[in-house]
Amino acid sequence: MSATTARQPRSAARSPRPASVRAFTVDWRPLAIPAFRRMWAASVICAVGGSFSVVAVPTQLFTVTGSSGAVGAAAGVSFAALIAAAVWSGARADVMDRRTMLLAADLGLALTYAALWLQAVLGGRSVPVLLVAVAFQGLTYGTVLTTTGSTVPRLVPAELLPAANSLSSLVRYGGSVLGPMLAGVLVPVVGLGTLYLFDAVALLAVVWAVATLPPLPPPPPAAGRQDAANAAGTSSGVGGMAGAGGMTNAVGTAGAGGTAGAGGGGRGSSAAGRMLAGFRYLAGDRLLVAVLAVDLAAMVFGMPSALFPELARDVFGGTAGGGPETGLLYAAYPAGVVVAGLLSGTFTRARRHGALVAGAAVAWGIAVVLVGLASELWIALAALALGGAVNCVLSAFRTTITQARTDDTVRGRVQGALTVVLVGGPQIANLLHASASAHLHDLTGAHLHDLTSAHLHDAAAGGVLYGPRLVICAGGLLTVVTVAAITWAIPDLRRYIAPAPATAPAPEPEPGPEPESEPVVARTSPAPSGERVSSAPASRARAGLR
């Protein structure tokens, strides 16, 4: 943990069990922390008003070139830039003030959108200029994702991380539904270029929220090593509390990694050395490896979005060029995430985080199998919505475990690795699913080439599995089998239990004779009101690393 961690109000730390219906709705507790509340409110604005470029960039590229190849090239450029930024910014976030990094990245992203607006106003039709802008967009957005993920644990105590991550998922997926819909309505009214201007203006809210954060400097290397040593020395107690009879010093492993991260990848090391130290830290913690492996398996094997157009046409009778069926398939998954976010109070107070990650991944695989077996559109939509809901749980606790168990000296680099997995997983899934479906069509082309969509739809209604349905079912089954194998091979995952939240302070004892000697505890200087900071040992105690 860092030497400076924003302190939440005491009422939030106690985490009282709510009464009545509030226990089943959105868990708003993290919003009691002023810094997180400002960042979250700004993200609400940016999730809708700052996501118009998702529609504007591909639309402009297709309008200029008339080719989907240019759209695909832009996606590839953005993906490569985002991955590079995630790895680089993760290393930088461990050696410099994260508030400064976030401020620079958000300002850079706003300036990129302003530049896109300016070129659109000037009638620019240069594809290279657009691709350069897309590259800058990927670089700045990758930095924002990585640095934000490593900043939230400095603002929110460990027991509120599931609720904070659920609130973030609610905004992210809600924006992914509302933003493009609103952009489609606005394009004919205000024009394509104005959407970029809306994005730039919306980002100013995020810039303001970041500018009001308390300073978030990296911890001194000596403090980071001492925290890691303390965690290693007390790890057996945490392991026992987690019920980890076979869990070999899980927190101690993390502490050892923290030492490597602080010593082998500190300020004096090269950027490459810091990155390698972060990956060594990640590889040295079996629980973190298991969590990322489960999440990657769920995304790579069980994310069939590349097959939705084919599924809509061949199974549900949609038109070849896309139609309502295709749109509904793409909308069902984020809708499920939003619903789960609105009911986050039902799971954010749970402590068996590892079992919830594994169980949610298995449930997602089963939901994907149901999508492949569905012969009616409403069944597939219900299965996808269910899958989105369980993936909200998976995402919340995957991020929580990663944030809470990572020493702050290497948290940026670990978050960079997590961003690579999150961004790269769906891209690999699209490649695998599309390739598998195309290969399957080649094998069965002699039998299916003369069938119309109506014949294929009738075959699907009769329970015949072929093409996209077979690939989707196989992906869901692979997800279930792989997650089960990971959980069996690394029992730390299913045994991991988060430490209990901090309780209310005990009543003060009656005055008595003073002890002969009393240790003096150094305190940090007070921060502005509402942004008090605590010492590193205290922040680690809140994270459960006692």
Side-chain angles (χ1 to χ4, degrees), residues 79 83 169 173 282 287-312 314-315 329-330 332-334 336-337 340 354-374 379-399 401-402 417-443 465-490 493-494:
F79 174 67
I83 294 299
S169 294
Y173 282 96
L282 183 61
L287 178 61
L288 293 182
V289 169
V291 168
L292 292 186
V294 164
D295 193 60
L296 192 60
M299 285 190 295
V300 170
F301 297 139
M303 188 61 74
S305 56
L307 301 181
F308 285 170
E310 185 181 1
L311 191 69
D314 293 350
V315 178
L329 287 171
Y330 277 108
Y333 174 85
V337 176
L356 282 167
V357 166
V362 169
W364 164 242
I366 294 172
V368 171
V369 172
L370 293 177
V371 173
L373 294 175
I379 299 176
L381 296 178
L384 284 171
L386 174 64
V390 296
N391 252 327
C392 180
V393 178
L394 170 59
S395 175
F397 289 108
R398 172 211 61 216
T399 307
I401 293 174
T402 306
L418 179 62
T419 301
V420 170
V421 171
L422 295 180
V423 175
Q427 299 293 336
I428 298 173
N430 288 339
L431 176 63
L432 288 180
H433 282 84
S435 300
S437 182
H439 185 63
L440 195 59
H441 273 297
D442 291 341
L443 293 177
L465 289 180
Y466 64 89
R469 298 184 72 197
L470 186 58
V471 173
I472 291 172
C473 285
L477 289 174
L478 268 175
T479 300
V480 173
V481 171
T482 305
V483 171
I486 294 170
T487 307
W488 175 80
I490 308 179
L493 179 62
R494 66 176 183 268

Colleague: Which residues pass the side-chain contact (heavy atoms from CB on, under 4.5 Å) test with T419, sequence neighbours left out?
Modeller: L82, A86, L145, T146, Q415, V423
Colleague: For a quick test of reading the model, state the closest non-hydrogen atom pair linking A340 to C392 and the distance between them.
Modeller: CB-CB, 3.7 Å
Colleague: How far apart are the closest heavy atoms of L384 and A332, and which atoms are they?
Modeller: CB-CB, 3.7 Å
Colleague: State, yes or no, whether a side-chain contact exists between I490 and L287 at a heavy-atom distance under 4.5 Å.
Modeller: no
Colleague: Sort and list the pairs that fulfil salt bridge (charged side-chain N to carboxylate O under 4.0 Å, His left out) and have at least one residue in residues 355-366, not counting sequence neighbours.
Modeller: none
Colleague: What are the two closest non-hydrogen atoms of T479 and A297, and how far apart are they?
Modeller: OG1-O, 3.8 Å
Colleague: Can you measure from CD1 (I401) to CG (L288) and round to the nearest 0.5 angstrom?
Modeller: 8.5 Å
Colleague: Give me the atom names and distance for the closest heavy-atom approach of I486 to A290.
Modeller: CG2-O, 4.0 Å
Colleague: With salt bridge (charged side-chain N to carboxylate O under 4.0 Å, His left out) as the rule and sequence neighbours excluded, what pairs involving residues 379-396 come up?
Modeller: none
Colleague: For residues 301-308, tabulate all N or O donor-acceptor pairs below 3.5 Å that involve a side-chain atom, not counting sequence neighbours.
Modeller:
from : atom 1 : to   : atom 2 : distance (Å)
S305 : OG     : N430 : OD1    : 3.3

Colleague: Using side chain to side chain donor-acceptor pair (under 3.5 Å) as the criterion, list what pairs up with Y333, not counting sequence neighbours.
Modeller: N391
Colleague: To the nearest 0.5 Å, tell me how far R469 CZ sits from L373 CG.
Modeller: 6.5 Å
Colleague: Does R494 use its side chain to pair, donor to acceptor, with the backbone of G354 at less than 3.5 Å?
Modeller: no
Colleague: Just jot down the side chain to side chain donor-acceptor pair (under 3.5 Å) partners of S437, sequence neighbours excluded, or say none.
Modeller: E310
Colleague: Taking all non-hydrogen atoms of both residues into account, name the closest pair between G388 and V337 and its distance.
Modeller: O-CG2, 3.2 Å
Colleague: Out of curiosity, I366 CD1 to L386 CG, how far, rounded to the nearest 0.5 Å?
Modeller: 9.0 Å
Colleague: Could I get the full list of side-chain contact (heavy atoms from CB on, under 4.5 Å) partners for D295, not counting sequence neighbours?
Modeller: M299, L394, R398, V421, L422
Colleague: If I compare all heavy atoms of A374 with all of V315, which pair ends up nearest, and what's the gap?
Modeller: O-CG1, 4.0 Å
Colleague: I'd like to check the side-chain contact (heavy atoms from CB on, under 4.5 Å) partners of L477; sequence neighbours left out, ordered by chain and number.
Modeller: V369
Colleague: For L370, which residues count as a side-chain contact (heavy atoms from CB on, under 4.5 Å) partner, sequence neighbours excluded?
Modeller: A383
Colleague: With sequence neighbours excluded, what pairs up with S169 under the side chain to side chain donor-acceptor pair (under 3.5 Å) test?
Modeller: R172
